[in-house]
Amino acid sequence: MSALTLALRQPPPGRVDLSAIRPDRLAGLGAAAIERLALPCGRSPVALGELFRVHPGDPAELRILGGDARLDGVAAGLAGGRVLVEGEVGWYAGEGLRGGVLEIHGDSGPFTGSAMSGGEIHVHGDAGERLGAPRAGGRRGMAGGVLHVRGSAGARAGERMRRGLLLVDGDAGDCCAARIIAGTVAVLGRAGAQTGVGMRRGTLLLGTAAEGLPPTFNATGAWRPGFLELLVPVLARRQPAWTERLGGDPLQRWVGDLATDGRGEIFAPD
Amino acid sequence: MHLNGVEIEDTFAEAFGMQATRVIITAVSPRWARTAAETMTGFATSVIGCGVEAGIEAELAPRQTPDGRPGVSVLLFAMSGDDLARQLERRAGQCVLTCPTTALFAGIGTGPDGGKPLPLGQRLRFFGDGHQASKLIDGRRYWRIPVMDGEFLCEERSARVKAVGGGNFLVLATRLEAALAACEAAVAAMRRRPNVVLPFPGGVVRSGSKVGSKYKALPASTNEAYCPTLRGLVDSRLAPEIRAVLEIVVNGLTDADVRGALRAGIGAACAGGPESGVRRISAGNYGGRLGQFHYPLREVLA
């Protein structure tokens with residue numbers, strides 16, 4: 001059975017909340033029933049059928065063709081199955097993801113993968129600010145799973161992360177890995193100002209020489225810990241350049257943020 | 001029945017159900033990996049006095065180990081899961097944690113096809129005195145414990161599986177040198193096989209034992225029926241020309257592993273024929289009432 005496909009007819013009239021459109025909730029619904037579903041859009045709901053052309057299929061594999069930066073909450077709360085977007089998405093894509101795979105062949109807006117706890121998100125374009133971070137007022141960011149951005153990420157990527165793996169192939173904005181509690185963040189390109197600020201525990205791997213770390217990080221010298229031989233292959237499975245960037249040589253290491261717990265660490269090549 | 005002219009006695013080896021785990025030790029060089037493994041499996045010949053029976057299963061090339069360094073796989077066997085956990089933790093802490101450059105990994109997975117979880121680095125981590133850090137990589141948790149040469153990397157858990165301990169055979173020869181040479185050949189052949197270890201010194205035991213003793217405190221004592229110097233004094237099992245008997249004990253993860261190792265070992269021990277001095281192959285048992293696993297020699301070789 002082929003994928004259930006939603007093809008965007010025209011740009012939406014306002015911000016559309018797609019968080020209710022999940023494979024598990026679409027199971028058992030016919031094309032007509034899916035078209036009748038009401039989507040929150042600005043001040044008045046709009047029928048899904050007005051925005052999307054529905055091609056019936058297996059909802060465990062959902063394809064959204066023709067993205068738009070005003071489509072919010074795509075695959076939020078996904079617990080299984082596969083959601084594929086051919087185009088860009090708006091805010092909160094994959095928020096609270098628990099399982100399954102969300103693949104975005106385009107850019108994604110702020111709070112992508114916000115507080116996700118499992119599954120995988122792949123953004124083939126750039127991601128907005130607060131990648132994996134909790135919503136305003138939330139205490140926990142990403143708590144598991146894999147969040148991989150092929151392009152660059154905005155400010156505060158990985159904020160308040162607790163567990164899981166966050167990969168950025170391009171550059172990361174300011175305050176990357178800010179206030180992380182634990183987990184692993186890997187940025188192949190450059191990281192912006194105040195990288196790792198407020199970090200309690202966890203590991204930040206930089207593929208590019210570090211510059212401008214907060215003054216509350218202390219250098220511990222060049223060294224090559226054994227766990228890298230386990231971790232680098234995991235990174236390289238998703239982005240082969242990691243093997244060469246962090247290959248055989250000792251890496252510079254800093255510990256911090258000493259303004260908080262101070263058990264976090266940043267690794268970068270010389 | 002004869003194998004290469006050596007008589008195979010119509011008897012059986014009796015073995016026991018045990019709990020086992022495999023761990024993988026890696027280090028900067030094969031020498032240091034082996035050093036840690038030999039230390040960890042030292043004083044681990046018999047559960048009677050050592051709490052655990054352990055040995056080196058194989059040396060591993062860098063591409064066979066989790067961290068791409070030279071390694072050694074070790075098998076440990078105990079009578080219960082608790083005994084195994086206690087001994088594993090103690091030996092990992094005293095013999096591997098202490099050994100320069102080593103890292104320690106589980107060699108058996110948990111889960112439906114694997115075994116029950118067994119703590120490995122789970123409590124060793126407290127040696128880090130608060131500076132220990134964990135990393136969850138591909139769903140497996142590792143502990144990083146700061147030590148003076150950097151970090152001791154240790155997987156949080158291994159797994160334990162049901163296993164077989166005490167598979168054995170006896171080599172009866174006209175000279176001690178002949179018995180020893182036959183046993184050395186058997187050990188070499190058996191150690192090439194996976195999933196088994198020979199826990200005794202060099203793989204060979206000279207003090208075959210029976211259950212019980214005239215002394216109340218002793219759970220086991222010498223097997224006088226096979227002691228050449230007691231011939232004429234006790235009910236001996238030795239023909240007049242037999243001057244020495246040596247035993248090989250094998251522990252394996254499964255019944256089939258032990259069976260295969262016994263077959264390979266007996267074949268190698270008999271390779272020289274009766275002219276080598278090896279006259280008879282026998283086996284140790286307790287009448288068949290104690291152990292769950294029986295290995296009739298003639299059936300094993302058939």
Side-chain angles (χ1 to χ4, degrees), chain A residues 99 117-120 142-146 161-167 180-186 199-205 218 220-238 242-243 246-248 250-251 253-256 258 261-267, chain B residues 23-29 32-33 36 60-71 92 96-97 99-107 109 120-121 124-126 128-157:
Chain A
S117 58
E120 297 199 6
M142 193 173 161
V146 177
M161 179 186 208
R162 171 77 178 76
R163 196 179 291 126
L165 177 61
L166 172 60
L167 290 128
I180 73 171
I181 303 161
T184 305
V185 180
M199 205 171 168
R200 297 181 68 82
R201 287 176 282 130
T203 304
L204 171 59
L205 294 155
N218 279 354
T220 60
W223 176 51
R224 190 165 183 86
F227 83 95
L228 279 184
E229 313 314 328
L230 305 178
L231 182 59
V232 171
V234 173
L235 303 181
R237 262 199 330 251
R238 298 181 163 90
W242 279 108
T243 309
L246 299 187
L251 301 173
R253 179 172 180 263
W254 293 263
V255 290
L258 296 164
D261 193 5
R263 286 191 284 167
E265 60 185 349
I266 300 177
F267 287 98
Chain B
V23 295
I24 293 170
I25 301 171
T26 67
V28 71
S29 66
W32 280 110
L60 303 175
R63 65 185 160 72
Q64 296 172 295
T65 63
D67 64 355
R69 302 193 300 166
V96 186
L97 165 69
C99 182
T101 76
T102 57
L104 185 59
F105 303 97
L120 191 59
L124 287 183
R125 73 176 196 257
F126 295 116
D129 199 23
H131 300 290
Q132 69 272 20
S134 93
K135 278 271 91 143
L136 195 59
I137 300 173
D138 257 353
R140 296 167 81 152
R141 186 174 293 287
Y142 302 87
W143 285 98
R144 300 163 54 195
I145 302 166
V147 285
M148 296 195 309
D149 76 349
E151 268 178 4
F152 173 52
L153 182 67
C154 185
E155 194 163 347
E156 178 169 75
R157 295 166 195 281

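In the text below, chain A, chain B and the rest are named by the order of the sequence lines, each starting its count at 1.
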>> With a 4.5 angstrom heavy-atom cut-off, is it the side chain or the backbone of A/Arg224 that approaches chain B, or both, or neither?
In response: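 No part of it gets close to chain B.
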
> What parts of residues 62-71 of chain B touch chain A if we use heavy atoms and a cut-off under 4.5 Å?
Replying inline: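 Interface residues of residues 62-71 of chain B: B/Pro66, B/Asp67.
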
>> Quick check on the structure: residues of residues 145-157 of chain B within a heavy-atom distance below 4.5 Å of chain A, by number.
In response: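 Heavy-atom contacts from residues 145-157 of chain B to chain A are B/Gly150, B/Glu151, B/Leu153.
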
>> According to side chain to side chain donor-acceptor pair (under 3.5 Å), who are the partners of A/Thr243, at least two apart in sequence or on a separate chain?
In response: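 If we apply the side chain to side chain donor-acceptor pair (under 3.5 Å) test to A/Thr243, skipping adjacent residues, there are no hits.
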
> With sequence neighbours left out, what residues match A/Asp261 under side chain to side chain donor-acceptor pair (under 3.5 Å)?
Replying inline: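 Testing A/Asp261 for side chain to side chain donor-acceptor pair (under 3.5 Å), a comparison that skips the adjacent residues, returns A/Arg263.
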
> What residue in B/Thr26, B/Asp138, B/Thr101 has the most heavy-atom pairs under 4.5 Å with chain A?
Replying inline: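 The answer is B/Asp138.
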
> Quick one: NZ on B/Lys135 to CG on A/Leu230, what's the gap to the nearest 0.5 Å?
Replying inline: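 Between B/Lys135 NZ and A/Leu230 CG, I get 11.5 Å after rounding to 0.5 Å.
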
